[in-house]
Enquirer: 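Sending over a structure as structure tokens; questions will come in a sec.
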Amino acid sequence: MEKAAIFHDSRGAMSFETGINEITLRFRSKHDDVTRAELLYSDLYATTNSSEGWHPEIAKMKVILKSKEIDYWGVTVALPKTRRLKYVFHLIASSGEEYLYDSHKIESFTADSLTHSAPFLVPYSYPNETFKQQPAWAQNTLWYHILIDRFANGDPQSDPSDVVEWGSEAPSKINFFGGDLQGIKDHLDHLTDIGVNGLILSPVFAAFSNHKYDAIDPYTIDPYFGNKADFKNLVEESHQHGMHVVLEIVLDHLMSFSMQWQDVKQKGRTSKFFDWFMIDSATLDYEATDDPDFSADISYRVNQNDPHQPKLNLRNSEVKQYLFDLVKYWVVNFDIDGFKILNSQEMDQEFLAELMQIVHGLKANFCLMSETNSLTPALINNSVLDTAIDDDLVGIMLNYFIAKKTNVSEMITALNDDLMKYPATQQKSMMIQFDGPNDPRLLSLCDDDDQLSRLLLAFTYLLPLSPSLYYGTEYGLKGGQVPANRECMPWKASEQNQTMYRFIKLLGEFRSKYSLVLNDGSLDWGQTSNKNDYLSFTRSSNGKRIFALFNVGYGSIKFVFPPKAKLILSQNLVKDQNRIGHNGFVIVEA
């Protein structure tokens with residue numbers, strides 16, 4: 001047995017509470033190296049001395065994810081009444097040898113192994129503090145991300161004076177097309193038709209830009225979008241359509257034109273706002289470059305090397321109160337369901353933890369989300385974020401399906417590893433979003449290949465995460481880097497990709513009909529081929545089974561329909577020959 005491949009982390013996503021009185025434990029091993037595994041466990045203070053021995057309970061473990069390199073094992077057991085636990089793993093190798101794996105070592109399993117073992121420990125924990133059930137609605141949500149100025153113009157009276165006719169020119173950093181809150185409200189039925197039940201809105205706050213990430217007044221609705229009554233009405237109408245509303249917000253920095261920063265510039269260290277920021281030198285200077293929004297040498301901390309975005313000191317009590325009052329205002333007065341926090345990876349964890357307590361105190365099922373990076377698993381596992389867009393998983397998929405930098409086996413191994421970063425509850429609410437306001441659109445990433453983009457979307461909808469669409473994906477919008485990825489939503493039928501629309505509508509219906517399997521079911525990889533570039537897997541739950549086969553290779557592959565199988569969705573399937581062509585797939589209920 002490859003001992004170096006055996007791994008368990010008793011403090012991370014391999015040991016987590018799945019209910020008030022349950023705990024799930026996982027470990028990793030080399031593929032097919034362990035044929036059987038048992039969890040030996042008991043109350044933390046159960047007798048272990050050599051005279052009486054330790055008589056633990058035994059729970060059989062099962063493989064929950066596997067690839068050609070790694071197997072992940074898991075089991076869920078009841079916590080003792082004391083809410084304290086100790087445990088070891090009993091492993092039976094493919095060679096027949098037996099091993100004991102504890103917190104110190106992996107050794108041969110013998111009759112007296114337990115008398116001198118060093119078990120992994122779960123100390124006493126308060127259930128109301130350590131077990132946090134995330135918002136249940138976030139675990140089965142189809143998200144839709146809207147850049148408000150580019151979605152729909154519902155009230156021309158609120159348009160800026162220099163508004164451009166809808167879709168009449170290429171998007172730029174400075175043009176306005178008149179999208180507003182009324183426009184979103186007018187098209188809620190459209191979103192319902194494609195299965196959307198969660199909205200992510202770009203900032204609604206008054207700002208100079210068309211994207212509004214540079215708020216002037218975060219307490220005011222931008223007049224080009226409407227007013228507070230319009231926003232409140234949109235939230236209410238969205239709720240009536242069964243949708244939750246999440247608002248994007250920036251909390252880690254202000255803009256250089258803000259009242260607070262201007263006061264610091266004028267008064268220096270005597271400004272009452274000086275300690276609001278992280279300033280190295282009161283001269284507040286920076287080395288200018290050809291790009292006015294970039295400098296490598298700045299005397300104060302900023303967002304993304306932009307001297308016009310000074311970062312806030314989130315450990316300053318006045319800053320914290322200012323930001324907490326702001327988020328309370330939007331939750332209490334408008335009943336929004338969540339915030340998507342930008343730059344959370346650079347924010348103080350104590351601040352995020354306090355923010356979590358505040359918003360959950362105001363609304364128990366409130367959702368705090370962000371994008372992911374290497375720190376995100378810790379933020380989520382430490383309960384300072386509810387969920388995140390899993391950028392790592394998106395990168396894994398793009399590297400295989402589009403960039404061709406990895407093969408099938410490598411993609412599956414990386415995907416499994418990513419899924420295992422998070423406890424089961426958190427994993428189900430993690431989000432997959434290929435594109436957004438700051439990324440090239442999916443169709444452009446696929447080099448305008450409609451079939452490849454549909455294949456990627458179908459694969460995404462099958463995973464145990466929550467898909468997220470960027471506005472216009474359902475109509476085949478294209479666009480590379482900012483601002484080309486911010487085109488106007490094409491509402492004229494002649495400008496729409498109706499094939500893509502019908503496909504996404506079918507995906508939404510599929511996601512809704514099979515939600516229990518897709519949200520809670522197991523993920524079991526089937527036949528794969530690095531040479532021929534295809535993969536298959538099964539999602540199963542409570543006797544219901546969905547089988548999927550994807551062919552990324554250039555040759556066609558044979559597909560044999562399982563007995564009594566029901567075809568759900570397919571692409572490039574030659575049914576009379578039972579063959580699947582390039583970028584083809586088949587999804588069946590079997």
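Please read all numbers here as calculations on a predicted model, not as lab measurements.
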Enquirer: Hey, is CD on Glu165 packed in by over 12 heavy atoms from elsewhere, all under 6.0 Å?
Expert: no
Enquirer: Report, as yes or no, whether the 6.0 Å neighbourhood of atom CZ on Arg579 holds more than 12 heavy atoms from other residues, nucleotides or ligands.
Expert: yes
Enquirer: Give every residue pair that meets the side chain to side chain donor-acceptor pair (under 3.5 Å) criterion with at least one member in residues 152-164, sequence neighbours excluded.
Expert: Asn153-Asp159
Enquirer: Run the salt bridge (charged side-chain N to carboxylate O under 4.0 Å, His left out) test against Asp435 and tell me which residues pass, sequence neighbours left out.
Expert: none
Enquirer: Suppose we screen for side chain to side chain donor-acceptor pair (under 3.5 Å). Which residues come up paired with Asp450, at least two apart in sequence or across chains?
Expert: Asn497
Enquirer: Just verifying a value: how many Å separate Asn485 CG and Arg150 CZ, rounded to the nearest 0.5 Å?
Expert: 9.5 Å
Enquirer: Indicate every side-chain donor-acceptor pair of residues 501-513 with a distance under 3.5 Å to a residue at least two apart or in another chain.
Expert:
| residue | atom | partner | partner atom | Å |
| --- | --- | --- | --- | --- |
| Arg511 | NH1 | Tyr461 | O | 2.7 |
| Arg511 | NH1 | Leu463 | O | 3.4 |
| Arg511 | NH2 | Leu465 | O | 2.7 |

Enquirer: Can you establish whether the number of heavy atoms outside Lys404 located under 6.0 Å from its atom NZ is more than 12?
Expert: yes
Enquirer: Begin from the C-alpha positions of His582 and Tyr554 and carry the test ring-ring contact (aromatic ring centres under 6.0 Å, His included) through to its verdict.
Expert: CA-CA 5 Å; His582 173 57; Tyr554 287 97; 4.2 Å; yes
Enquirer: Could you tell me if Ser299 and Asp280 have a donor-acceptor pair between their side chains, going purely by distance under 3.5 Å?
Expert: no
Enquirer: Apply side chain to side chain donor-acceptor pair (under 3.5 Å) to Tyr422 and list each qualifying residue two or more places apart in sequence or on a separate chain.
Expert: none
Enquirer: Can a cation-pi geometry be assigned to Arg486 and Phe151, taking NZ or CZ under 6.0 Å from the six-membered ring centre and within 45° of the ring axis?
Expert: no
Enquirer: Can you find a side-chain donor-acceptor pair between Asn365 and His360 that sits under 3.5 Å?
Expert: no
Enquirer: Please, which pairs that meet salt bridge (charged side-chain N to carboxylate O under 4.0 Å, His left out) have at least one residue in residues 236-261, sequence neighbours excluded?
Expert: Glu248-Lys340, Asp252-Lys311
